[in-house]
Structures are given as structure tokens and as C-alpha cells.
Amino acid sequence: MTRADEGAGAEEVLQRISRAGGPAEQPIRVSFKPDKLVDVATGKPEEPGRFAGTSAVAFSGIARPVPFHSLLERLGLKLADTAVFPDHHEYRPADLEDLRRRARRSGAELLITTEKDAGKVAPLLRPDDRCWAVRLRTEIVDGQEQLECLLLG
């Protein structure tokens, strides 16, 4: 179960799993933590707190953008604007033009996105674009031994 650190939502999922399948082993619970911020054009990594206090336009094409926005705010970024695209969105040059306009209009210093979306927008970036992506790492919250047994037999 991913996003195990999201509080009440995680408990609700656990209850649903229990009701659907009856008594079973406790699920392996995983959370995502920011590992690095990565320059989308160059691949240069920076520590997650590097841009604390910086204004940004956040954009993503993911199923649940609100937790992503909350993560950025916890990293200290000031979200000047957000752009939410459909999950698995294929970016076009017009999308990047819109993001640049949003950044100019709001006074944002950079664009920030998910690592998933970074690969899709990289070919569309111009040399003067400041676009960064959040690289996440997984952390086993509960069930490390159970996971190792499943993986190693």
C-alpha cells in the first residue's frame, strides 16, 4: 500500500482491504519521500530544500496532484500557480508556452514538476527555461520483513 503516511486515508484503505478479502496479512506499507530536485534540462541534482522560499509554477499530469502540491509546500516552495493536466498527459509545445506565460504573469522563478512528467517535457524545453523535477524515494513504513520474504523467497 503506497502513501501509507497520509493519515486517515491510509486507515480507510486498510479497512477496505480487510472487508474485501477478510482477515489477511497486514499489507506492506510504503511512503514516498523527496530525495532530490533535478534540473530537467541537465539532470543536475540538488537537495530538496534548495529552493525553499522560491516562487514556482507547479505542473503535473498525475492522478492525484494535491498531494504533490502539498509536498512542494512542505519543501518550502511558494506556489505562485498550479497547472493540472490529465493523468498520463502528453505535453505539447503549447502546454509549455502556457506554463511560461503563467510563470511570467505570477512572477514565478521556476517551473516544478514530477519526475514522471519531466521526461515528457524535457524535449520541449528552451535553454532559458528553469524547470525542476522532484525525485522521490520509497520508504518502507511497515512490513519490511514481509517484503523481503516475498522478494527473496
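Owing to the predicted nature of the structure, the values given are computational and were not obtained by experimental measurement. We use all heavy atoms of the structure for the numbers below, so side chains are in, but hydrogens, waters and symmetry mates are not.
Put simply, the side chain of Val134 reaches to within 4.5 Å of the side chain of Phe68, judged on heavy atoms. Looking at Leu71 and Pro34, their side chains come closer than 4.5 Å, going by heavy atoms from C-beta outward. In this structure, Asp87 and Lys116 have side chains that are in contact, with non-hydrogen atoms separated by less than 4.5 Å. Between Ile112 and Phe59 there is no side-chain heavy-atom pair separated by less than 4.5 Å. Within the 4.5 Å cutoff, the side chain of Arg29 has no heavy atoms near those of the Ile140 side chain. Thr138 is not listed as a side-chain neighbour of Lys33, based on a closest heavy-atom distance of 4.5 Å or more. At a threshold of 4.5 Å between non-hydrogen side-chain atoms, the residues Leu96 and Leu125 count as touching. Proximity of Trp132 to Pro45: side-chain heavy atoms (C-beta onward) are nowhere separated by under 4.5 Å.
Residues Arg102 and Thr82 share a closest heavy-atom pair of NH1-O, 2.9 Å. Across every non-hydrogen atom of Leu99 and Ala83, the tightest pair is CD2-CB, 3.7 Å. In terms of heavy-atom proximity, Leu77 sits nearest to Ala56 at CD2-CB, 4.2 Å. Closest heavy-atom contact between Tyr91 and Ser60: OH-C, 3.4 Å. When all heavy atoms of Leu75 and Pro48 are compared, the pair lying nearest together is CD2-CB, 3.7 Å. Of all non-hydrogen atoms in Val40 and Ala118, the two that sit nearest each other are CG1-O, 3.6 Å.
Of the N and O atoms on the side chains of Asp117 and His89, not one donor lies less than 3.5 Å from an acceptor on the other residue.
Taken together through direct or relayed side-chain contacts under 4.5 Å among Ile, Leu, Val, Met, Phe, Trp and Tyr, Val57 and Val38 form parts of separate hydrophobic clusters. Taking hydrophobic clusters as Ile, Leu, Val, Met, Phe, Trp and Tyr residues chained together by side-chain heavy-atom distances below 4.5 Å, Phe51 shares a cluster with Leu72. Follow the hydrophobic side-chain contacts under 4.5 Å out from Leu151 and you reach Val30 in the same cluster.
Taking 4.0 Å as the cut-off between side-chain N and carboxylate O, Glu97 and Arg126 count as a salt-bridged pair. Using a 4.0 Å cut-off between a side-chain N of Lys or Arg and a carboxylate O of Asp or Glu, Arg92 and Glu90 do not qualify as a salt bridge. With respect to Lys36 and Glu47, a salt bridge is recorded, a charged nitrogen being found less than 4.0 Å from a carboxylate O.
For the atom pair CD (Gln144) and CG (Asp142), the distance works out to 10.0 Å, reported to the nearest 0.5 Å. Of the inter-residue distances, the one linking Asp39 atom CG with Glu46 atom CD reads 8.5 Å to the nearest 0.5 angstrom. Within the model, atoms CD1 of Ile28 and CD of Glu148 stand 10.0 Å from one another, a figure rounded to the nearest 0.5 Å. Here the straight-line distance linking atom OG1 of Thr113 with atom CD1 of Ile62 works out to 7.5 Å at 0.5 Å rounding. Taken from CD in Gln146 to CG in Leu150, the straight-line distance is 6.0 Å, to the nearest 0.5 Å. Note that CZ of Arg100 is 4.0 Å distant from CG of Asp129, once rounded to the nearest 0.5 Å.
Shown here are the salt bridge (charged side-chain N to carboxylate O under 4.0 Å, His left out) partners of Arg101, two or more places apart in sequence or in another chain: there are none.
The 12-atom threshold is not exceeded at NZ of Lys78, counting heavy atoms of other residues, nucleotides or ligands nearer than 6.0 Å.
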**Message:** Checking Leu37 against Arg135 for the side-chain contact (heavy atoms from CB on, under 4.5 Å) test, could you report, in this order, the C-alpha distance in whole Å, the side-chain angles of both residues, the deciding distance, and whether it holds?
**Reply:** CA-CA 6 Å; Leu37 296 182; Arg135 177 175 292 158; over 6 Å; no

